[in-house]
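Reading through the C-alpha cells given below for one structure.
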Amino acid sequence: MTNHVMQSFSEHIQQVKAAVDPLLERYHYEALMVHSGAPVFRFMDDLEYPFKVNPHFNWWVPTAVPNSVVLYRPGEKPHLFYFQPVDYWHLPPAPPDEAWANEFNITLIRKGDEWREHVVDAANLAVLGNAPRLAVHFTQAAINPTALIHEIDLCRIRKTEYEKRCLVEANIRAARGHNAAASAYAAGASEFETHLAYLQATSHSEQQLPYGNIIAQNEHGGVLHYHGLDRTPPAQRHSFLIDAGAEFQGYAADITRTYTPDTDGVFCDLLAAMETAQLDLVDGVRAGASYVDLHLKAHRVISRILRDADIVRMNPDDMVDQRVSNAFYPHGLGHYLGLQVHDVGGHLSDEVGNKIERPEGHPYLRLTRSLAVDSVVTIEPGLYFIPQLLEPLKARPEVNSAINWSLVESLQPYGGIRIEDDVLVLAEGAPRNFSREAFSQLAQAQAA
Ligand SMILES: [Mn+2]
C-alpha cells in the first residue's frame, strides 16, 4: 500500500468515528454493525458474480473482503471480524494489512456467520449491509435504518484527507490508462485493443474497474453507455471517446476524454470549444455554489457553442428554454464521486427524510445540492449527435427550420464529445482538479 496515503488513515478512522458517534446517540443505537457483503451466485449455478464490497464497510476498512463485519461501539476501538476461511478452492483474503490493522481489534473468522456469536446485544444495534443472512439474525427495523443511512450518507459527501489521497491515486492510475488508450487509438487500434491497452496500463482486471469502460469510436460516442468493444477499427476514423476510471482502495476515478484525428474542421472547433467550456465549468466548482446552477450554465454554454458553429440558428437562451439543448446534451453535468462512482447523497436534503428534487426537464441530473468544502464532484459536459434525440425536433416547425440539418448529418459519424474531470471543492477559490493534476504529473515524470 502507498505509505503516503496510509499515513492519513488513522485520522480518517477518528473522523469516521466522530461523525458516527452523535448519530448513534441521536437515534438511540448502542452500536453500529457493518457487514461487508456476501458473494452472490448465478441462478442455479455454483459460480459467483464478481464480489463488490458494501461501500459502508469500505468507508471503515480499506479492503474488499466478503463475509466480514465491523462492530463499533462509541468510545471503543472498532472490532473487525475478518473472514479468512481455510479454503483450497479459492485464494483466501490476505491477512489484515499492518498499515491499517492497528485501528481495529481483529478476530479472524473461518466461517461465514462466525461473527454472530460475538454480536450479543442485538436489540439496540444498527446493521448496515445487504447480505441475505442478516435477515436471519436481525429484525427488519435494525437493518439499514433509513434515517441513519441518510445521515451517514451526508457525512460521506465530505471527504477526509485519506479519502482525498485515495482519489488522487485513483486518478493517477486512470490517467495512465487514458494515456495508453490515446496512444493505442493514434496507432490505429480497435476499441477492443484500446480497452486491453487501458487494462494493462492501469494494472486492473476487467472486474476491478470501478465501472465498465466506455471506449467508443465514431458514432458509438453518441451511445452514452456504449460497451460494444468492436474488434476491428472502422475504415474511416472520425473520433474517439473514452470514459474510463480506476480505483484505489475502493475509491474511484471517473475520467472522460474525446479525440479526433482531424486537424481542422467543425468537429475540431467543437472539441476545442468544449474543452474551454469544461474548464470554465470546473472553475465554477466553488464552496456554496449550486450544482443545479452549474448544470444550467452548461446548457447555456453548449447552446452558445451550437450557435457559434452554425448548427442551431437560435438565441442560446431560447435553446435552453425550449429544451433544444437537451437534445444535444441529454445527461447531467456530473455527480459526487467517492467509494461509489455515482457517490451517495446527490439528492439528499439536510433535513432527514427529504430530497432536493431535480429541476423540471432535467431528469438525469444526479446532484442537486450546493457544493460543500471537501466534497468531490465530476464535471462532464457533453455534446452529441444522437439520431433518436434529434429526430423529434423535426416535428417542431420553428425548431426544425433553425437547425442546420446538413451540418448535423455530417457530424453524426463523430458520435459526440464528453470531457470529464474529478474535482475537489476547496474552502476558497478555484477547486483542485485531480484529473488534470494526474495528467500533468505523468507528463512531468515522462519529461524528467
Ligand atoms: Mn461520470
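All values reported here derive from a predicted model rather than from experimental measurement. In each ligand, atom 1 is the first atom listed, and ligand 1 is the first ligand listed. The figures that follow rest on heavy atoms only: side chains count, while hydrogens, waters and symmetry mates do not.
The neighbour count for Gln200 CD, taken as heavy atoms of other residues, nucleotides or ligands under 6.0 Å away, does not exceed 12.
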Is there a ring pair (Phe, Tyr, Trp, His ring centres under 6.0 Å) between Tyr329 and His331? Walk through the geometry before answering. CA-CA 6 Å; Tyr329 168 42; His331 57 72; 5.3 Å; yes
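Under a cutoff of 6.0 Å and an axis angle of 45°, Arg237 and Tyr259 do not form a cation-pi pair.
Here Gln412 contributes atom CD and Phe385 contributes atom CZ; the two are 8.5 Å apart, rounded to the nearest 0.5 Å. Interatomic distance, CZ of Phe9 versus NE2 of His12, reported as 5.5 Å (0.5 Å rounding).
Using a 4.5 Å cut-off on side-chain heavy atoms (C-beta onward), Phe57 and Val65 make contact.
Counting only protein atoms, the N, O or S atoms lying less than 2.8 Å from the Mn ion (ligand 1) are Asp254 OD2, His335 NE2, Glu380 OE2, Glu420 OE2, ordered by chain and residue number.
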